[in-house]
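Down below is the structure, laid out as structure tokens.
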Amino acid sequence: IVYVDAPVSGGLAGAPDGTLAVMVSCARAVFEELERVLATFGKVFHLGEGAGQAQTMKLANNLLSAAAVALTSEVMVMGVKAGLDPRTMLDVINAGSGRNSAAQDKFPKAILPGTFDFGFHTGLSY
């Protein structure tokens with residue numbers, strides 16, 4: 001029996017495109033045996049041999065993503081309440097040092113058009 005921990009990140013769009021981040025923790029020999037198959041999903045990262053190391057990396061990644069959504073939401077509310085245009089705000093943020101995954105992808109695709117469909121249920125992040 002071997003244990004392989006291999007969560008992915010990259011959303012619904014990354015799956016069919018094969019552009020997911022595949023985080024793997026398992027014995028090095030097992031990883032080398034599986035790497036080619038896992039690479040069909042996206043970029044593969046071996047995080048170590050300990051059980052749960054890949055899940056810990058996924059949690060760290062999700063925490064950063066959720067923080068980007070929360071902080072970008074607060075920034076957008078602040079700006080809109082001050083009279084700024086939300087589309088222009090995102091253009092400026094994405095051209096500058098505030099650029100993040102929420103401002104680049106989630107807000108233009110899900111917030112501005114009012115669909116609020118991130119491809120992942122916000123409640124699951126919570």
(message) Working to the nearest 0.5 angstrom, can you tell me the gap between Gln53 CD and Met23 CE?
(response) 13.5 Å
(request) Check step by step if side-chain contact (heavy atoms from CB on, under 4.5 Å) holds for Met57 and Ser25. (result) CA-CA 10 Å; Met57 184 65 239; Ser25 58; over 6 Å; no
(message) Ignoring hydrogens, what is the shortest heavy-atom contact between Leu90 and Phe107? Give both atom names and the distance.
(response) CD1-CB, 3.7 Å
(request) Might you work through the side-chain contact (heavy atoms from CB on, under 4.5 Å) test for Met76 and Ile111, ending with a clear yes or no? (result) CA-CA 10 Å; Met76 295 301 291; Ile111 302 299; over 6 Å; no
(message) Does Glu33, at its CD atom, have more than 12 non-hydrogen atoms belonging to other residues, nucleotides or ligands within less than 6.0 Å?
(response) no
(request) Tell me whether Val44 is reachable from Val8 by hopping between hydrophobic residues (I, L, V, M, F, W, Y) whose side-chain heavy atoms are closer than 4.5 Å. (result) yes
(message) Return the OG1 to CD distance between Thr72 and Gln104, rounded to the nearest 0.5 Å.
(response) 10.5 Å
(request) Find the distance between CG (Asn100) and CD1 (Ile93) and round it off to the nearest 0.5 Å. (result) 7.5 Å
(request) Using the rule that two of Ile, Leu, Val, Met, Phe, Trp, Tyr join whenever any of their side-chain heavy atoms come within less than 4.5 Å, decide whether Met89 and Leu112 are in one cluster. (result) yes
(message) Grouping I, L, V, M, F, W and Y whenever their side-chain heavy atoms are under 4.5 Å apart, do Val24 and Leu47 come out in a common cluster?
(response) no
May I have the list of side-chain donor-acceptor pairs in residues 80-88 shorter than 3.5 Å, sequence neighbours left out?
unit_1, atom_1, unit_2, atom_2, d
Asp85, OD2, Arg87, N, 3.2
Asp85, OD2, Thr88, N, 2.9
Asp85, OD2, Thr88, OG1, 3.0
Arg87, NE, Asp91, OD1, 3.3
Arg87, NH2, Asp91, OD1, 2.9

(request) Any ring pair (Phe, Tyr, Trp, His ring centres under 6.0 Å) involving residues 60-93? Give me the pairs, sequence neighbours left out, ordered by first then second residue. (result) none
(request) Indicate the atoms forming the closest heavy-atom contact of Pro113 with Pro108, along with that distance. (result) CD-O, 3.3 Å
(request) Give the intermediate values and the outcome of side-chain contact (heavy atoms from CB on, under 4.5 Å) for residues Thr115 and Lys109. (result) CA-CA 8 Å; Thr115 64; Lys109 294 176 185 169; over 6 Å; no
(request) Heavy atoms only: give me the nearest Cys26-Tyr3 pair and the separation to one decimal. (result) CB-O, 3.3 Å
(request) May I ask you to decide if Arg28's main-chain N or O and Glu49's side chain share a donor-acceptor pair within less than 3.5 Å? (result) yes
(request) Find out if a path of hydrophobic residues (ILVMFWY) with successive side-chain heavy-atom gaps under 4.5 Å connects Leu34 to Val2. (result) yes
(message) Under the rule for side-chain hydrogen bond (donor to acceptor under 3.5 Å, both in side chains), what residues qualify as partners of Asn61, not counting sequence neighbours?
(response) Ser9
(request) May I ask whether Phe45 and Leu38 are part of the same hydrophobic cluster, defined by side-chain heavy atoms of I, L, V, M, F, W, Y residues being less than 4.5 angstrom apart, directly or through others? (result) no
